[in-house]
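Step one of this worksheet: look at the structure below.
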Amino acid sequence: MADANAAYSEGDEAHLQSMLKGWLDRPECVAGEGIGAELIRAIRRIAQIRERLKVISGEVADLQSSDLWEMKANAELAQSEGRNILVELVARLQQEIVETRDRLQTMKTGRR
């Protein structure tokens with residue numbers, strides 16, 4: 001309902017039409033009994049499931065292209081190789097700190 005209210009407030013007629021179509025295409029909207037009505041309901045359920053799978057596939061693709069996913073993959077690879085990525089990260093950062101302090105010291109003594 002909030003989605004419909006937002007679309008109405010924004011004057012988004014296309015979104016409202018899409019929502020109405022989705023509502024009317026629900027399996028529960030098929031009237032009647034018997035094989036024909038059951039078949040139509042089953043077809044509509046399958047269509048809903050396929051659409052949901054498309055959305056989920058897109059969400060998974062978005063996640064897999066994120067920095068967080070890359071970090072997870074790197075951590076898993078390191079673990080499978082018997083390495084601890086956090087220990088490696090700490091060591092690398094400590095080395096960078098030492099190098100930065102050395103550069104700073106060189107800059108200070110070079111100015112005098």
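Ala78 and Ile85 make their closest contact through CB-CB, 4.1 Å (heavy atoms, listed as atom of the first residue, atom of the second, distance). Of all heavy-atom pairs between Ala37 and Gly32, the closest is CB-O, 3.6 Å.
Side-chain atoms of Ser18 do not come within 3.5 Å of backbone N or O of Ala14 as any donor-acceptor pair.
One finds the CG atom of Asp3 at 9.0 Å from the CG atom of Asp12 (value rounded to the nearest 0.5 Å). Between atom CZ of residue Arg45 and atom CD1 of residue Ile49 there is a gap of 8.5 Å, rounded to the nearest 0.5 Å. One distance of note links CD of Gln48 with CD of Glu51; it measures 10.0 Å at 0.5 Å rounding.
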(Q) Arg103 vs Thr100, test: side-chain contact (heavy atoms from CB on, under 4.5 Å). Steps then yes/no. (A) CA-CA 5 Å; Arg103 280 197 317 269; Thr100 302; 3.6 Å; yes

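Applying the salt bridge (Lys or Arg N to Asp or Glu O under 4.0 Å) rule to Glu38 yields the partners Arg41; only residues at least two apart in sequence or on another chain are considered.
When each of Val98, Leu104, Ile97 is tested with Arg101 by the rule side-chain contact (heavy atoms from CB on, under 4.5 Å), just one qualifies, namely Ile97.
For residues 56-67, the set of pairs meeting the side chain to side chain donor-acceptor pair (under 3.5 Å) definition, not counting sequence neighbours, is empty. Residue pairs meeting the side chain to side chain donor-acceptor pair (under 3.5 Å) criterion with at least one partner in residues 75-95, sequence neighbours excluded, are Lys72-Glu76, Glu81-Arg83, Arg83-Glu88, Gln95-Glu99.
For Ile56, the CD1 atom counts as densely surrounded, since its 6.0 Å shell holds more than 12 non-hydrogen atoms of other residues, nucleotides or ligands. Counting heavy-atom neighbours within 6.0 Å of Leu68 CG, excluding the residue itself, gives a total of 12 or less.
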